[in-house]
Asker: 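Below are the structure tokens for one structure; questions will follow.
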Amino acid sequence: MSETIIFSQGSFFHGTKADLKVGDFIITGKKKNYNDDRESKYVYFAGTLEAAIWGAELAEGDGKERIYVVEPTGDYENDPNLTDKKFPGNPTKSYRSKQPLKIVAEVIKWEGHSPEILNNMIENLRKLSEDGIKAIDE
């Protein structure tokens, strides 16, 4: 028997390929999801499922793409990597925190981007990386 979860307007999401469970915490100090060998000083999350889908699809690794519903355990701020620099305001509702995120559920059914759109994004990120521009600037 599976439980149906209705997401509220205030739900937060984290997309990744990490195999985690409800009750686990997403913490700082881990390798970033993207082409970056630095340890993360922040945990990143979003208030839109669309932003979390990108996070899951673009995460490195061979694991299954996953989207978790998360609760911040402390203060958080707008993600400066996406807000104002790239998207005035915060239309993607992207945030970051130095405090852990608690996993409260996993989104089981979601639809990813088409291979064409995904490959286009991967190619754009690859070009930026070749130019020395990191996806995440901490």
Asker: Test D79 against every option in F45, Y44, Y95 by the side chain to side chain contact (heavy atoms under 4.5 Å, CB included) rule and name the one that passes.
Answerer: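 With D79 as partner, side chain to side chain contact (heavy atoms under 4.5 Å, CB included) holds for just one option, Y44.
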
Asker: Would K41 and T28 satisfy side chain to side chain contact (heavy atoms under 4.5 Å, CB included), going step by step from the backbone distance to the final call?
Answerer: CA-CA 5 Å; K41 296 178 185 174; T28 61; 5.8 Å; no

Asker: Looking only at non-hydrogen atoms, find the nearest pair between W110 and R66 and report the distance.
Answerer: CZ2-N, 4.5 Å

Asker: Report the C-alpha separation of M121 and R126 in whole Å, then their side-chain angles, then the decisive distance to 0.1 Å, and conclude whether the side chain to side chain contact (heavy atoms under 4.5 Å, CB included) test is met.
Answerer: CA-CA 9 Å; M121 177 66 83; R126 184 190 64 74; over 6 Å; no

Asker: If you round to the nearest 0.5 Å, how far is CD1 of I103 from CD1 of I26?
Answerer: 4.0 Å

Asker: Is any side-chain heavy atom of R96 closer than 4.5 Å to a side-chain heavy atom of P80?
Answerer: yes

Asker: How far does CG of L118 sit from NE2 of H113, to the nearest 0.5 angstrom?
Answerer: 8.0 Å

Asker: Is the side chain of K17 donor-acceptor paired with the backbone N or O of G61 at a distance under 3.5 Å, no angle test?
Answerer: yes

Asker: I need the single residue from L49, T48, I53 that forms a side chain to side chain contact (heavy atoms under 4.5 Å, CB included) with F13. Which is it?
Answerer: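 Only match with F13 under side chain to side chain contact (heavy atoms under 4.5 Å, CB included): L49.
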
Asker: Can you check side chain to side chain contact (heavy atoms under 4.5 Å, CB included) on I122 and L58, steps first, answer last?
Answerer: CA-CA 7 Å; I122 290 169; L58 296 173; 3.7 Å; yes

Asker: Quick one: are Y68 and T16 in side-chain contact, heavy atoms under 4.5 Å?
Answerer: yes

Asker: How long is the straight-line distance from CD of E106 back to NE2 of H14, given to the nearest 0.5 Å?
Answerer: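 One gets 11.5 Å once the value is rounded to the nearest 0.5 Å.
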
Asker: Under 4.5 Å between side-chain heavy atoms, hopping through other hydrophobics if needed: is there a path connecting I108 to V69?
Answerer: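 Result: no, two separate clusters.
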
Asker: Assign the ring pair F12 / Y76 to parallel, tilted or perpendicular, where the plane angle (0 to 90°) is split at 30° and 60°.
Answerer: perpendicular

Asker: For the CD atom on E116, are there more than 12 heavy atoms of other groups (residues, nucleotides or ligands in this structure) within a distance under 6.0 Å?
Answerer: no

Asker: Tell me, with the steps shown, if V43 and V70 meet side chain to side chain contact (heavy atoms under 4.5 Å, CB included).
Answerer: CA-CA 11 Å; V43 289; V70 297; over 6 Å; no

Asker: For D75, does the CG atom sit with more than 12 other heavy atoms under 6.0 Å from it, leaving out its own atoms?
Answerer: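 12 or below, so no.
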
Asker: If I take atom NZ from residue K98 and atom OH from residue Y42, how far apart are they, to the nearest 0.5 angstrom?
Answerer: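 That separation rounds to 4.0 Å.
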
Asker: If you look at every heavy atom in T73 and Q99, which pair is closest and at what distance?
Answerer: OG1-CB, 3.6 Å

Asker: Spell out, as yes or no, whether a donor-acceptor pair under 3.5 Å connects the side chain of K93 to the backbone of A46.
Answerer: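 Checking the backbone N and O of A46 against the side chain of K93, no donor-acceptor pair under 3.5 Å is found.
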
